Protein chains: 2
Amino acid sequence: MNMPDLSQGENAAAVNSLRSAILRLTRRLRHQRVDESLSPTEMSVLGTLFRCGPLGPGELARKEHVQPPSMTRIVAMLETKGLVRLEPHPEDRRQKVVSQTEQAEAMLEESRRKRNAWLAELAGGLSEEEWDTLRAAAPVLEKLAHLPMPEAAQR
Amino acid sequence: MNMPDLSQGENAAAVNSLRSAILRLTRRLRHQRVDESLSPTEMSVLGTLFRCGPLGPGELARKEHVQPPSMTRIVAMLETKGLVRLEPHPEDRRQKVVSQTEQAEAMLEESRRKRNAWLAELAGGLSEEEWDTLRAAAPVLEKLAHLPMPEAAQR
DNA sequence: TATTGTTATACTCTATAACTATA
DNA sequence: TATAGTTATAGAGTATAACAATA
């Protein structure tokens with residue numbers, strides 16, 4: 001196992017700070033999201049479908065770290081809003097396939113436009129160096145979000 | 001206003017990725033927190049009191065990006081658990097002052113110990129360079145969480 | 001009249017348990 | 001028996017609206 005010789009104390013402080021920042025950012029995102037009609041997780045699911053293509057509800061649930069019944073609800077809501085299609089799996093009749101609609105693509109495009117406007121405003125508050133740092137951190141945070149967590153976390 | 005000449009497209013992609021990573025991490029934190037008896041926000045409030053010293057419920061609510069009634073509930077819960085003291089303000093009888101108890105300090109210490117064990121396990125999944133990136137990003141994310149957000153976000 | 005905090009209430013998101021249908 | 005998904009239900013966390021006390 002790759003186990004670098006790192007300073008535990010500094011990492012603990014970093015994770016501490018990361019954790020509270022992440023919590024507060026989540027609360028801000030809930031209120032200041034660019035699209036009022038979609039919850040953050042619904043947006044996240046659309047993003048996943050955009051990146052990965054059609055997926056089953058179960059696999060979506062695993063990717064989003066949500067339980068299957070929650071994903072059932074989320075997908076149903078997205079279907080009601082016309083952003084997602086729910087079709088039977090061609091080979092296994094137990095499974096279903098969730099895919100984006102054209103409307104979802106248009107919505108993602110519009111949302112992207114709004115996010116750019118939001119960013120243009122926000123950019124005034126961060127220096128270019130700070131933005132560099134965030135750009136570098138984004139993929140690491142994504143990796144962290146997907147990393148299999150050791151059982152030790154429960155001890 | 002400090003407005004660096006930055007590449008909008010790259011920042012939009014970074015924020016997009018940050019957002020979904022933050023959402024997923026929040027869900028994981030909810031389940032894999034080191035202290036089972038405290039919600040993430042309760043932990044965050046204790047951390048803020050530790051860093052800033054005694055504060056009023058209103059100021060705590062602003063710092064945590066929560067509405068005042070929510071903070072009333074959180075503080076009441078922490079008081080029930082013996083982690084916080086709620087006293088009248090010496091000068092203004094409308095205000096109250098929330099402060100840590102000795103028990104809270106002991107709990108934070110124990111929680112820090114557990115977090116170190118969790119980190120020792122987690123370290124196997126990230127390279128030293130990735131940890132460097134996270135350490136650098138932590139203060140920027142904290143800043144982002146506290147940045148006054150422009151009205152443009154609602155448009 | 002403005003400010004600090006609280007009470008009462010409702011909503012959103014997510015989870016667990018039990019169930020159906022298919023493999 | 002095992003797997004994919006759903007239904008029914010409950011819980012945690014937060015918000016808004018209305019209110020009380022003090023400035």
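Reminder, nothing fancy here: chain letters follow the sequence lines and each chain counts from 1. This one's a predicted model, so the numbers in the text were calculated from it and none came from an experiment.
Residues A:E64 and A:S44 come closest through the heavy atom pair OE1-OG, 2.8 Å.
Here A:E129 pairs with nothing under the salt bridge (Lys or Arg N to Asp or Glu O under 4.0 Å) rule; sequence neighbours left out.
Per the geometry, CG belonging to B:L55 stands 14 Å off P belonging to C:dT4, to the nearest Å. At whole-Å resolution of the value, CZ in A:R73 and P in D:dA8 are 13 Å apart. In this structure, A:Q67 atom CD and D:dG11 atom P are separated by 17 Å, rounded to whole Å. With rounding to whole Å, A:H89 atom NE2 is found 11 Å from C:dA23 atom P. For the pair A:E64 CD and C:dC13 P, the computed distance is 14 Å after rounding to whole Å. Here D:dA4 presents its P atom at 16 Å from CG of A:L86, a figure rounded to the nearest Å. For the pair B:M71 CE and D:dG13 P, the interatomic distance rounds to 13 Å; values are reported in whole Å. Residue B:I74 contributes atom CD1, which lies 9 Å from atom P of D:dG13 at whole-angstrom precision.
Between A:P57 and B:V66, the residue anchored closer to the 5' end of DNA chain D is A:P57, taking for each the nucleotide with the nearest heavy atom. Map B:E91 and B:P68 each onto its nearest nucleotide of DNA chain D; the residue landing nearer the 5' end is B:P68.
With hydrophobic clusters built from ILVMFWY side chains whose heavy atoms lie under 4.5 angstrom apart, A:I74 shares a cluster with A:M107.
Comparing atom distances between the B:P69 side chain and each of C:dT22, D:dA17, D:dT6 picks out D:dA17 as nearest. Each of C:dT22, D:dA21, D:dT14 was ranked by its minimum atom distance to the side chain of A:R94; first place goes to C:dT22. Comparing D:dT3, C:dG5, C:dT14 against the side chain of B:K96 picks out C:dG5 as the nearest. Minimum atom distance to the side chain of A:P40 is reached by C:dC13, of the listed C:dT22, C:dC13, D:dA15.
Counting only heavy atoms from C-beta outward, the side chains of A:V66 and A:V45 never approach each other to under 4.5 Å.
Note on A:S39: a side-chain N or O is less than 4.0 Å away from OP1 or OP2 of C:dC13. B:T41 has a side-chain polar atom (N or O) that falls below the 4.0 Å cut-off from OP1 or OP2 of D:dT14. Under 4.0 angstrom from either OP1 or OP2 of C:dT6 there lies at least one side-chain N or O belonging to B:T72.
Using a 4.0 Å heavy-atom cutoff across all strands shown, B:R27 reaches sugar-phosphate atoms only and no base atom.
Scanning atom types as modelled, no donor and acceptor separated by under 3.5 angstrom connect the side chain of A:R93 and the base of C:dT22.
Note that CG of B:L25 is 10.5 Å distant from CG of B:L18, once rounded to the nearest 0.5 Å.
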